[in-house]
K.L.:
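One structure, pasted below without further comment.
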Protein chains: 2
Amino acid sequence: MSTLDRPNPSAQNRRRPTIREVAALAGVSLKTVSRVVNGEPAVSAKVRSRVLAAVDRLGYRPNLTASSLRRADGKSATIGVVLEDVGNPFSSTLHRSIEDVAGERGVLVLAASSDEDASREREIVSAFTSRRVDGLIIIPASHDHSYLLSERQAGTAIVFVDRPPAFLDADTVLTDNDLGVRRGIRHLIGHGHRRIGYIGDLLSISTAVMRYQGYLDELAAAGIAVDESIVRLDCRGIASAETAATELLSSKRPPTALFTGQNLITIGGFRALRKLGLHNRVALIGFDDFLLADLLEPAITVIAQDPAAIGRAAAEVLFRRLDGDHAPSAHHIVPSRLIARGSGEIRP
Amino acid sequence: MSTLDRPNPSAQNRRRPTIREVAALAGVSLKTVSRVVNGEPAVSAKVRSRVLAAVDRLGYRPNLTASSLRRADGKSATIGVVLEDVGNPFSSTLHRSIEDVAGERGVLVLAASSDEDASREREIVSAFTSRRVDGLIIIPASHDHSYLLSERQAGTAIVFVDRPPAFLDADTVLTDNDLGVRRGIRHLIGHGHRRIGYIGDLLSISTAVMRYQGYLDELAAAGIAVDESIVRLDCRGIASAETAATELLSSKRPPTALFTGQNLITIGGFRALRKLGLHNRVALIGFDDFLLADLLEPAITVIAQDPAAIGRAAAEVLFRRLDGDHAPSAHHIVPSRLIARGSGEIRP
DNA sequence: TTGTAAGTTGACAACGTTGTCTGTTTGGCG
DNA sequence: CGCCAAACAGACAACGTTGTCAACTTACAA
C-alpha cells in the first residue's frame, strides 16, 4: 500500500506505548518498570537507568486512569468544581484560586456551570463522580443535597462555598452576607439617609435572602420602618435591575440612597442613576466588588467579597479532608469589607 | 466494637457498589448489567427492569475510568483546556463557550492556567494526557509545540486558539489581530490624528507582535512615519501600562491619541488619562472589549474580540476531529469589530 | 564453606468494565 | 410435533496498571 492511500499519514498511527512495551525494550518485568515510574526504592541504579532510557525512547506516559483503578487508595488526583457560571468573575476567580491550591498537589480541576439550575447541578455531580473525582467543591443551586450522602460515604470529600447546603451536613466556606449588608446600610444611615431602597437577586438563591435579611435587621436596629415601595426583590441581571431601579427612582417618594444586593444589579442600578442624571444625588452601595468600579463617575462604594480567599479556604478544607481529617463539619466565614469610593458617601 | 469507637461513623463506610454487586442482586450476569447500563438492545424488558431496580437500590454509578480503559475507542469523554488564566475574562468566557459545546455531548472539561509560562503549559498538557483526555484546546504560551506530535499520533485532537502553534501543524481559531488594529488606527486617522501612541503587551505573546505589526502597517499605509518615542512595548498588566501611558503623555511632544493593545493595558492607559485630566482631550482606542467600558467617562471605543465565538468554533472543530474528520488542518478567523463609544472619536 | 539477611526482581492476580464468543431459550412456521 | 432463526444470557479474556508474595542474587559474618 502506497502512502498515497492514506490522506493524512501522520494522524492516529501509533498507539500509545504501555508499560509492557517499556518492559520489553528494557528487558525487565512489568513490575520493575512500575517501580521505576513510581519512584519506589527497591530498584538498582543500573536497572533504573535502563528503564528510564526505554521510557524516554518510547515516549511512555503512565495511564493515570488505569493506575487509579488499580491503586489501593483509588485516588484520581482530580477534583470537580460546580460553579454558577465558569465565565462570570466571581466563579472564575474562585476557580482560579482553587486551581492554585490543587496545582500544588498535582491535582487537576474539572469545572462546570450549573447556571442556577438544580437538575443541572445533579447532572454535573453525576458526571464528576462517574469519573471518580476525589473531591467536590460546590456553589449550590439545588435545595436538597441529600443525594450527595452516598458519595460522601464512598469517600468523596465535599465542600460548599458561597451558600450553605440543604439537608446535608458538610463543610462550608461562606461570606458574612448579613453582616456585610448591615455594614453598608449603617454606612448610609451614618451619612444621613433614612430612605434607603433595596434591590435584590433571585430569592431562590439563599445568599440573596441572607442579604435582604441584613437590610431588614439593620433598618430595624436603627428604628427605621421598612417601606416596601422602595424594595425590589427577585431581580436577575443588569437589565432587570435597571428597570427596577428606574421604577424606584421615578416613584412619588423616591429613596435618597440605594443598596444593590449583587454585582450585576449594582451595574443595572448605576445605569439607571446615570440615565436619570441622579448619579451625583442619590447614594449607591453595592454588594460585591467589580473591575473598574473605581473608575466610574462617581466611583462605586461596595461591600467587597473575597472570592480568591473563599476558593483558597475551600480547597484547603477539601484537601485536609482528603488527607484523612475526620473532624465534624467546619463552617468558615470569609469576611467582606466596605470599600468607600464616593457613591456611598453622597449625602441626601 | 461499639459505635463510640468510630468518631464519624457516617464517613467512608460503604465502598461504591460495582457492576458485580448489581448483577448479584438482580440475579443476572455481569455482562447483562453492562448491557442494560449502556442501553444495548439484546435484553428482555423483564430482565432490564429487574436490573434497573437493583441499580437504583444500590445507588450504582458506572465507573467511567474503568469503562474507558476497556472500551474499544478508549474515549474518556473529557477534554482539556489550557488557558492563560481561568480567572481572566477572556479565558473564562472562552472556557464557558467550550463547556457549552462539550456539555451537549456529555463531555466534561478540565481547565488549567499556564500564566504565560511555557514549562507550565507542558506540565498541564502532560497532566491532561496522563488522564487520557480525548482532545486539547490550547492558548499557547510555549513557542515550540513539537512535543505534542506524539499525542496527536496517539489520537488526541488538538486545536489552538487565540495564537498559532509553533513547529506543529494543527487547527487554529484566531482573531484578526492585525486587521482589527488597522481598523482602529484608521478610525483615529479618520478623526484627524497624526500622532498616535501605541502601548503593547509582552512581545513573547505572538498576538502582541501581530497587533503591533498592524499599527506599523496602517501608519505606513497612511504615509505617517513611526515615532518610537510614543511607542511602549512589552508592558504587562494595569500598573505597568499606566506608568507607560503617563510617560508618553508627559513627554515633550505627546500623542493626540493612544492605541492600547490589550484589555488591562487599556485600563491602565485610561487611568493615566484620568489622572492627568486628559481623558476628554486625548483619544483612546483599546484592543479587547471589557465589562463597563460603556459606563466610563468617556465611554471607551474598542476593537472587540468575540471570545465566546472563538471558544465555540474551537470546540466544534475539536469534536469534528474526534468524530473522525481527517482533512488537513483548518485555520479559522473570528473577526473583531470596532465599537465606537466616544473615547475614540475625540479630535485632536 | 555455609547460613542469613538484605536487596532486587518477577509471576500472578486484581481493579471495574466491555468485546467476543458460545450456549440457551423462545416463538413462529411447516 | 419438530425445526430453525432470532432473541437473550453468560463465561471468559482483556484494557494498563499496582499490590502481594515468592524467588533469586549478593554480601557478609560465623
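To find a chain, count down the sequence lines: A is the first, B the second, and so on, and within it residues start at 1.
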K.L.:
Nearest to the side chain of Val43(B) - dA9(D), dT18(C), dG16(C)?
P.N.:
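It is dA9(D).
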
K.L.:
Are Arg320(B) and Asp171(B) ion-paired here, with the side-chain N under 4.0 Å from a carboxylate O?
P.N.:
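Looking at Asp171(B) together with Arg320(B), the answer is no, because their closest N to O distance does not fall below 4.0 Å.
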
K.L.:
Categorize Pro41(A) for me: base, sugar-phosphate, or nothing, with a 4.0 angstrom heavy-atom threshold over every strand shown.
P.N.:
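Since no nucleic acid heavy atom lies under 4.0 Å of Pro41(A), the category is nothing.
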
K.L.:
Report yes if a side-chain nitrogen or oxygen of Asn38(B) is closer than 4.0 Å to either non-bridging phosphate oxygen (OP1 or OP2) of dT18(C); otherwise report no.
P.N.:
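Yes, within the criterion.
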
K.L.:
Below the 4.0 Å mark, does dA9(D) have OP1 or OP2 next to a side-chain nitrogen or oxygen of Ser44(B)?
P.N.:
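For dA9(D), OP1 or OP2 has a side-chain N or O of Ser44(B) closer than 4.0 Å.
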
K.L.:
Take Arg50(A) and Leu30(A), find for each the nucleotide of DNA chain C with the closest heavy atom, and name the residue whose nucleotide sits nearer the 5' end.
P.N.:
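Whichever sits nearer the 5' end wins; that is Arg50(A).
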
K.L.:
Side chain of Arg35(A), heavy atoms from C-beta onward: which of dG10(C), dG16(C), dG16(D) has the nearest atom to it?
P.N.:
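The nucleotide sitting nearest to the side chain is dG10(C).
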
K.L.:
For the pair made of CG in Asn63(B) and P in dC15(D), what is the distance, rounded to whole Å?
P.N.:
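Nearest whole value for this atom pair: 18 Å.
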
K.L.:
Can you find a pair of side-chain heavy atoms, one from Val86(A) and one from Val109(B), that are under 4.5 Å apart?
P.N.:
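With C-beta onward as the side chain, the pair stays apart.
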
K.L.:
Could you check how far CD1 of Ile19(A) sits from P of dG10(C), rounded to whole Å?
P.N.:
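It works out to 12 Å between those atoms.
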
K.L.:
What integer distance in Å separates Arg48(B):CZ from dC8(D):C1'?
P.N.:
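It works out to 11 Å between those atoms.
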
K.L.:
Does Thr32(A) make a side-chain N or O approach to OP1 or OP2 of dG10(C) shorter than 4.0 Å?
P.N.:
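Indeed, a polar side-chain atom of Thr32(A) lies that close.
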
K.L.:
CD of Glu40(A) versus P of dG19(D): gap in Å, rounded?
P.N.:
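The distance from CD of Glu40(A) to P of dG19(D) comes to 6 Å, rounded to the nearest Å.
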
K.L.:
I'd like to know if Arg105(A) and Asp323(A) make a salt bridge, using a cut-off of under 4.0 Å between side-chain N and carboxylate O.
P.N.:
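A salt bridge links Arg105(A) with Asp323(A).
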
K.L.:
How many Å lie between CZ on Arg70(B) and P on dC12(D), as a whole number?
P.N.:
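Result: 15 Å.
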
K.L.:
Please give, in whole Å, the distance from dA14(D) P to Asp73(B) CG?
P.N.:
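For the pair Asp73(B) CG and dA14(D) P, the rounded distance is 20 Å.
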
K.L.:
Could you check how far CZ of Arg20(B) sits from P of dA14(C), rounded to whole Å?
P.N.:
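Going from Arg20(B) (CZ) to dA14(C) (P), I get 10 Å.
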
K.L.:
Give a yes/no answer on whether the side chain of Ser34(B) brings an N or O atom under 4.0 Å of OP1 or OP2 in dT18(C).
P.N.:
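Checking Ser34(B) against dT18(C): at least one side-chain N or O falls below 4.0 Å of OP1 or OP2.
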
K.L.:
Taking only the side-chain heavy atoms of Lys31(A) (C-beta and beyond), determine which of dT18(C), dA9(D), dA11(C) contains the nearest atom.
P.N.:
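In terms of side-chain proximity for Lys31(A), the closest of dT18(C), dA9(D), dA11(C) is dA11(C).
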
K.L.:
Does a side-chain N-to-carboxylate-O contact under 4.0 Å join Arg163(A) and Glu116(A)?
P.N.:
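So Arg163(A) pairs with Glu116(A) through a salt bridge.
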
K.L.:
Would you kindly give the CG-to-P distance between Leu69(A) and dC15(D), to the nearest whole Å?
P.N.:
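Atom-to-atom, Leu69(A) to dC15(D), this comes out as 14 Å.
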
K.L.:
Looking at Asp85(B) and Arg96(A), is any side-chain nitrogen of the basic one under 4.0 Å from a carboxylate oxygen of the acidic one?
P.N.:
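Asp85(B) and Arg96(A): salt-bridged.
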
K.L.:
Would you indicate, yes or no, if dG10(D) has its OP1 or OP2 atom less than 4.0 angstrom from a side-chain nitrogen or oxygen of Ser29(B)?
P.N.:
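Yes, because at least one side-chain N or O of Ser29(B) sits under 4.0 Å from OP1 or OP2 of dG10(D).
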
